[in-house]
Chemist: 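Have a look at this one before I ask anything.
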Amino acid sequence: MKKNLPKTYEPWKYEDKIYRRWERSGAFNPDKLVSAEKSSYYSIAMPPPNVTGVLHLGHALENSIMDIQTRFQRMQGKKVLLVPGTDHAAVATQAKVEKELVKEGIKNPREQLGRKELLKRVRQYSEQSKKTIISQIKKMGTSCDWSRLAYTLDKERSEAVNEVFVKMFKDGLIEKDYRVINWSVKGQSTCSDDELEHREEKTTLYTFKYSKDFPIAISTTRPETKLGDTAVAVHPKDKRYKKYIGKTFTVDVGAKSPLKIKVIADREVDPDFGTGALGVTPAHSQIDFEMKEKNNLDLIAVIGKNGKMNENAGKEYTGLTIKQARKKFVTWLKNQSLLEKEELITHNVSTSDRFGDIIEPLPMEQWFVRVNKEIPGHNGKTLKDLMKEAVTVGHNGDRSKKIIITPNRFIDQYLHWIDNLRDWCISRQIWWGHQIPVWYDGTKIYCNTEPPSGKKWQRDPDTLDTWFSSGLWTFSTLGWPQKTNDFKKYHPTSWMQMGYEILFFWMARMILMSTYTLNEIPFQEVYIHGILRDKTGRKFSKSLGNGIDPIDMIKKYGTDALRLGLISGIAPGNDSRFFEEKLEGTRNLVNKIWNISRYILENQSTSSPQSLSKIKPEELTSADLFILKKMMRLIESTNQQLEKCDFSGASDQLRDFTWNELADWYLEISKFEDNKKVKTAILFTVLKDLLKLWHPFMPFVTEEVWSKFNDSLLITEKYPRKNSYSKIIKKARRTHDFDLIKDLIVAIRNIRAEYKIPPAKKIKAIIYGHSLVNAIKSEVELIKKLRTGIEELTIEKSGPKIKRAAFASVNEIEIYIPLAELIDFKKETARAKKELANYENFSKQLKNKLSNKQFTKNAPKEIVAREKERLEVTLKNIKKIKTYLKSIA
RNA sequence: GGGCGCUUAGCUCAGUUGGCUAGAGCGUCUCGUUUACACCGAGAAUGUCGGGGGUUCAAGUCCCUCAGCGCCCACCA
C-alpha cells in the first residue's frame with residue numbers, strides 16, 4: 001500500500017494516465033467484459049457532436065449524464081456499449097468553412113474552387129475538428145468504445161443512408177415534387193422548416209389596388225412579389241367581396257405579360273386583417289402555393305435563385321434586387337395613385353439558421369419524404385402514424401415497444417409537433433453530405449445503392465439533409481445494413497439522452513427511420529435534459545461571447561469536479577445555470593473524498609484490512625451500527641435514484657453521507673475509539689463501497705484511490721448492494737440489545753464512577769454530531785428506556801473535539817438542555833393525537849369508498865387496488881401512532 | 001392565436017403517486033483548528049413555497065383564477 005498521498009488531490013496528475021489505463025484494459029469494449037448473464041446487453045448511442053467546431057459546456061453536460069448512466073449500468077454487470085461518433089453536419093459545416101474561405105479572400109468558394117476542391121477543404125476542416133472533439137470526449141472521462149467510433153459520413157454510415165433512401169424511394173415515400181420551398185440565396189440551397197429561425201422585423205405594409213378597374217384592394221409587405229400574382233383570396237362569407245368570387249380580372253402592373261387575377265374564396269383568410277383580401281402569389285409563398293393547388297391557379301415565378309427579379313417580372317424589373325424592385329413598384333403604384341395606405345408594422349421573417357439570410361420562398365423541384373402517405377405493407381399507416389405510435393401505444397400497438405420519455409410532458413409537445421408536420425424536404429444544393437443515390441439519363445431515373453452501368457447516367461448533384469443520416473444513428477452505428485452481431489445484440493438501444501431543443505429534429509427522425517426501416521423502436525428510454533445557461537440565465541453563444549471552454553474548467557478544477565458541477569441541482573427537462581463557483585464546491589468535495597481515503601488508507605497499515613463478515617456483532621457500538629445502517633440505506637437509495645435517472649438527487653445524497661456522516665462524524669469518532677480494529681475495518685469497507693457508489697460521477701479520483709489498494713480496476717467492479725450490510729446489522733441486533741441511549745447511559749455511569757461525581761440529578765451528556773440527536777429523536781423505543789434509566793439527562797449537539805475536552809475535565813460538566821426540550825411530551829402528544837385523528841378519518845373514508853359497490857365495480861382495477869393499499873398503510877400508521885402515544889404517555 | 005415551463009432562504013436550485021417540524025449547495029454571522037483535509041471543523045440566522053380562491057382529515061404538491069418571467073409552434077398576407 002502506497003502511503004503519503006499529497007494533501008490535496010491534483011487531477012491533472014492522474015486523469016490522462018487513468019483514462020489510458022481504462023482504454024488499455026478493454027473495459028470500454030463490451031466484447032471484453034465478462035458478464036454474469038449472457039443476455040444483459042445495454043447500449044447507448046452517443047449523440048454525435050457536429051464537426052463544426054469544438055465541444056462546449058452543453059456537450060460536457062451530455063457527456064457527464066451519458067457516462068454516469070453508462071458506468072452505472074456497466075457496474076451492474078451488464079455488457080455496456082456506448083458508441084462514440086461525430087456528425088458531418090452538412091449545411092452547418094460547409095457554411096462555416098465557406099465563411100472561413102471568404103475571410104481568406106476566396107470570395108466565391110464554390111465557383112472558385114469547384115466541387116472537388118471545396119469538399120477537400122471541408123474534409124480537412126472536419127477531420128481537424130473531429131480530432132479535437134475526440135480528445136475532448138476523452139478528457140471528459142467518457143467511457144465509450146473507441147473501436148466502434150462512427151461518423152455520419154463514413155463508408156458504413158453512407159451505406160446505411162443509401163439503403164434507406166432506396167427503400168423509401170421504392171416504397172414511394174421519397175418523391176421529387178415541384179413546390180414552394182425555403183431558399184437561402186446566400187447558401188444557394190434549400191432549408192427544411194426546422195432549419196429556420198424567426199426574427200422580428202419592422203416593415204411597411206402597403207395597401208393598394210392592381211389597377212383602377214380592379215374592385216378589391218389588397219395589403220402586402222412584399223409588393224415586388226405581386227408581379228407574380230394570379231389570384232385574390234377573400235373569406236367566403238365576406239359581404240364586401242362575395243359578389244366577385246369566381247370572376248377573373250386582367251391587370252397590367254408592368255410584369256412580362258398582363259396578370260389574370262381570379263377572385264377565390266378561402267376560409268383561411270382573415271377578413272379583419274388589412275382589407276380582408278389577400279393577393280395570392282403561388283410562386284413565392286407556401287400558403288399561396290397550397291391555394292393554387294386547391295383552386296387550380298397559374299403560377300408565375302418572378303424571383304430567381306439568385307434572389308433577383310427574373311424576366312417574368314417584366315423588362316423594367318429584370319435583374320433588380322428585391323429591394324430595388326420593391327422601391328420601383330411602390331413608386332409606380334404611387335404614380336398611378338393606386339397606393340391607398342402605407343403603415344409600419346412588425347412581423348416575423350424566416351431566416352436561415354446557418355447562413356443567416358432571409359429565406360426566399362421559391363418554387364422548385366426537390367426531393368421530399370412523404371409523411372402523410374400510406375406505407376406499403378404497413379396496414380395503411382403513414383410515417384406520421386409510426387412516429388406517434390412509438391410513444392403512445394407502442395410500435396404496432398406492442399406495449400413492449402413503447403418509448404419511455406422522461407419527463408413525459410414532452411410527449412404532448414412531440415405529438416403536437418407531428419400533427420403540424422409537413423413533407424420533409426431532404427435535398428440540399430450544397431456539396432458536403434451524402435449525395436443522393438439517384439441517376440438520370442434524359443427522362444429515365446435510376447435509384448439504387450450502386451451506380452448504374454453505362455456512361456450516360458448522370459448522378460443527382462444534390463446532397464441529403466443532415467438529419468437523414470442522423471435519423472439512422474442508433475442502427476447505422478451498429479453496422480446495419482450488414483447483419484452484424486452488434487446489431488443483433490444492441491438494437492434497439494437501451495437509452496438515449498438529449499436536450500429538448502433537438503427533440504423534434506432528432507428524436508422524431510430516429511423514431512421515423514427506425515420504425516419504418518427495421519420495424520423496431522430506436523431506443524427504449526429517452527432522458528431529456530435542459531439547456532445550460534450562463535450565470536445570468538442567457539444561453540451560451542458565440543455572439544454573446546459568454547462561452548466557457550470545458551477544457552479550461554477541467555484544467556482548473558478537474559474533470560470530476562466539472563462533471564459533478566454540471567449534473568448537480570438539475571432536474572430532467574429543466575434548464576440550469578452554470579457558474580464557476582459551483583465548481584469550487586464540487587472540487588472541494590472531490591478533495592474531501594481524497595482526504596477521507598488518505599486518512600483511512602494511512603491508518604489501515606496498522607492492522608490489516610478486515611471484512612465486515614469477520615467482525616463479531618457484539619463488538620459493534622451503536623455508532624458503528626448507525627453508520628452501517630446509513631450506508632445500507634445510501635446504497636439502496638443510490639441504486640434506486642440512478643435507476644430513475646435522478647443523477648442530481650443521487651449525488652446530493654452521496655455528498656451528504658460522505659461529508660456529514662462519514663467525514664465529520666464517524667471518522668472523527670473513530671479517532672477516540674479504543675477498538676481500532678473494528679473501526680478501521682468498518683471504515684475500510686465503507687470506503688470501498690463509497691468509492692464504487694461515487695465512481696459513475698467522479699470516475700477519476702475514485703479510480704485513483706482504488707488503485708492504491710487494489711490491482712483490479714474500479715470501473716468494472718460491481719455496484720454495491722445493500723445485502724452485505726443488512727446481514728451484519730440483523731446479526732448485531734440479535735446478539736445484543738442495541739441502542740444509542742443505552743450506550744450513553746453506560747458512558748455516563750462510567751464517567752461518574754471514574755471521576756467520582758456525586759449522583760447529580762442533571763447531567764450533561766455530549767454526543768458527537770447532530771446525526772445521533774436526530775436518531776434519538778426518531779427512535780421511540782429508546783425514550784422509554786431513557787425515562788426509566790436516568791431522571792434527567794441533557795443532550796447537546798456537539799462536535800467530537802469538544803467531546804475530548806469535556807471528557808478531560810469532567811468536573812466542569814454543566815447542565816445544558818433539559819430533557820423536555822429534546823422531546824416536548826405535551827407538544828408531541830398533541831401532534832400525535834391530531835395525526836391519529838387524521839388517519840382515522842382517512843381510513844374511515846377509504847373504508848366507505850371500498851364498501852361502495854359503485855366504486856369497486858366501475859373504477860379501474862388499479863385505482864381500487866391502490867385505495868386498498870392505502871387503507872392498509874393507513875391502518876398500519878394508526879397502529880404505529882397508538883403505540884407511540886402509549887410510549888410517551 | 002395554440003401549447004409548454006418557471007415563480008420555494010440573500011444567490012443557484014431540489015422537493016417522486018398530496019402525508020412527519022419545507023431541504024441542499026453557495027453566501028452571511030459567531031466560535032474553533034499543530035496531528036486526513038483552510039479545497040478544514042462546530043454552530044447560528046434567514047421562508048405568508050408569486051397573489052387570491054377551491055377540493056381534502058391533510059396542499060409547496062391537485063383544480064380554478066390573476067400577475068410576472070421564459071421557451072416552443074403557427075401566423076401576421
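Throughout, a chain's letter reflects where its sequence line sits, starting with A, and its residues are numbered from 1.
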Chemist: For nucleotides 25-30 of chain B, give me one character per nucleotide, 5' to 3': B if any protein heavy atom sits under 4.0 Å from the base, S if the only such contacts are to the sugar-phosphate, - if neither.
Modeler: SS----
Chemist: Whether the side chain of A/Asn595 engages the backbone of A/Thr8 through a donor-acceptor N/O pair (distance < 3.5 Å, no angle test) should be reported.
Modeler: no
Chemist: Using the C1' atom in both, what is the distance from B/C49 to B/A24, to the nearest Å?
Modeler: 16 Å
Chemist: Ignoring backbone atoms, test whether A/Lys7 places a side-chain nitrogen or oxygen under 4.0 Å from the OP1 or OP2 oxygen of B/C37.
Modeler: yes
Chemist: Of A/Arg409 and A/Ala663, whose nearest nucleotide on RNA chain B comes first from the 5' end?
Modeler: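 Nearest-nucleotide comparison on RNA chain B picks A/Arg409.
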Chemist: Within the structure shown, what part of the strands sits under 4.0 Å from A/Val590 by heavy-atom distance: base, sugar-phosphate, or nothing?
Modeler: nothing
Chemist: Write down the distance between CD1 (A/Ile404) and P (B/U16), rounded to a whole number of angstrom.
Modeler: 20 Å
Chemist: Taking only the side-chain heavy atoms of A/Arg598 (C-beta and beyond), determine which of B/C13, B/C39, B/C37 contains the nearest atom.
Modeler: B/C37
Chemist: Could you tell me whether the side chains of A/Tyr414 and A/Asp419 share a donor-acceptor contact shorter than 3.5 Å?
Modeler: no
Chemist: Any side-chain donor-acceptor pair under 3.5 Å between A/Ser219 and A/Thr207?
Modeler: yes
Chemist: Take A/Lys644 and A/Gly569, find for each the nucleotide of RNA chain B with the closest heavy atom, and name the residue whose nucleotide sits nearer the 5' end.
Modeler: A/Gly569
Chemist: Has the side chain of A/Asp288 got a donor or acceptor atom that lies under 3.5 Å from a matching backbone atom of A/Thr281?
Modeler: yes
Chemist: Can you tell me if NZ on A/Lys209 sees more than 12 non-hydrogen neighbours from other groups inside 6.0 Å?
Modeler: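 Enclosed.
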Chemist: Given atom CG of A/Leu566 and atom C1' of B/C13, what is their separation to the nearest angstrom?
Modeler: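 Rounded to the whole Å, the gap is 15 Å.
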Chemist: Can you identify which nucleotide, out of B/G5, B/A36, B/U12, has its nearest atom closest to the A/Leu667 side chain?
Modeler: B/A36
Chemist: Checking all strands, does A/Thr8 fall into the base, sugar-phosphate, or nothing category for heavy-atom contacts under 4.0 angstrom?
Modeler: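 Here A/Thr8 touches the bases of the nucleic acid.
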Chemist: Ignoring hydrogens and geometry beyond distance, is a side-chain donor-acceptor pair present between A/Thr658 and A/Trp694 at under 3.5 Å?
Modeler: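 Side-chain D/A pair, A/Thr658 to A/Trp694: present.
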Chemist: Using a 3.5 Å limit for the pairing distances, which stems of at least 3 consecutive Watson-Crick or G-U wobble pairs does RNA chain B take part in?
Modeler: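 Stem list for RNA chain B: B:1-7 with B:67-73, B:10-13 with B:23-26, B:28-32 with B:40-44, B:50-54 with B:62-66.
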Chemist: Is a side-chain N or O of A/Ser285 found less than 3.5 angstrom from the main chain of A/Pro282, in a donor-acceptor match?
Modeler: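 The answer is no, because no donor-acceptor pair under 3.5 Å joins these two groups.
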Chemist: Taking atom types as they are modelled, would you say the side chain of A/Lys535 forms a donor-acceptor pair with the base of B/U12 within the 3.5 Å cutoff?
Modeler: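 Such a pair does not exist between side chain and base.
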Chemist: Give me the distance, rounded to whole Å, that separates B/G70 from B/G23 when you measure between the C1' atoms they each carry.
Modeler: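 The same atom, C1', in both gives a distance of 26 Å.
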Chemist: Answer with yes or no whether the side chains of A/Thr230 and A/Lys262 bring together a donor and an acceptor at under 3.5 Å.
Modeler: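 No donor-acceptor contact under 3.5 Å links the two side chains.
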Chemist: If only side-chain N and O atoms count, and only distance matters, is there a donor-acceptor pair under 3.5 Å linking A/Gln653 with A/Ser637?
Modeler: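 On atom types as modelled, these side chains qualify, holding a pair under 3.5 Å.
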Chemist: Would the distance check show the side chain of A/Asp229 and the main-chain N or O of A/Ile261 forming a donor-acceptor pair, the cut-off being under 3.5 Å?
Modeler: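 Checked: no pair found.
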Chemist: Go through B/G15, B/C39, B/C40 for me and flag the one nearest to the A/Ala571 side chain.
Modeler: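 Closest of the options to the side chain of A/Ala571: B/G15.
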Chemist: When you compare B/C69 with B/G43, how far apart are their C1' atoms, in angstrom units rounded to a whole number?
Modeler: 38 Å
Chemist: With a cut-off of less than 4.0 Å, is there a side-chain N or O of A/Arg577 near OP1 or OP2 of B/U12?
Modeler: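 Indeed, a polar side-chain atom of A/Arg577 lies that close.
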Chemist: Quote, to the nearest angstrom, the C1' distance that separates B/A45 from B/C26.
Modeler: 16 Å
Chemist: When the C1' atoms of B/C13 and B/C6 are compared, how many Å lie between them, rounded to an integer?
Modeler: 12 Å
Chemist: Would you say A/Tyr206 and A/Glu343 are linked by a side-chain donor-acceptor pair, where the criterion is simply a distance under 3.5 Å?
Modeler: no
Chemist: Taking 4.0 Å as the cut-off, does a side-chain nitrogen or oxygen of A/Arg222 come that near to OP1 or OP2 on B/A77?
Modeler: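 Looking at the OP1 and OP2 atoms of B/A77, neither is under 4.0 Å from any side-chain N or O of A/Arg222.
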Chemist: Rounding to an integer number of Å, can you tell me how far A/Glu643 CD sits from B/U16 C1'?
Modeler: 15 Å
Chemist: Going through the distances and angles, do A/Leu667 and A/Ile600 end up as a side chain to side chain contact (heavy atoms under 4.5 Å, CB included)?
Modeler: CA-CA 9 Å; A/Leu667 205 134; A/Ile600 294 174; 4.2 Å; yes
Chemist: Identify the pairs formed between an N or O of the protein and an N or O of nucleotides 67-76 of chain B at a distance under 3.5 Å, and give each distance.
Modeler:
residue	atom	partner	partner atom	Å
B/C75	N4	A/Asn348	ND2	2.7
B/C76	N4	A/Asn348	N	3.0
B/C76	N4	A/Asn348	ND2	2.7

Chemist: Check every atom of B/A14, B/C4, B/A77 against the side chain of A/Asn574 and return the nucleotide holding the closest atom.
Modeler: B/A14
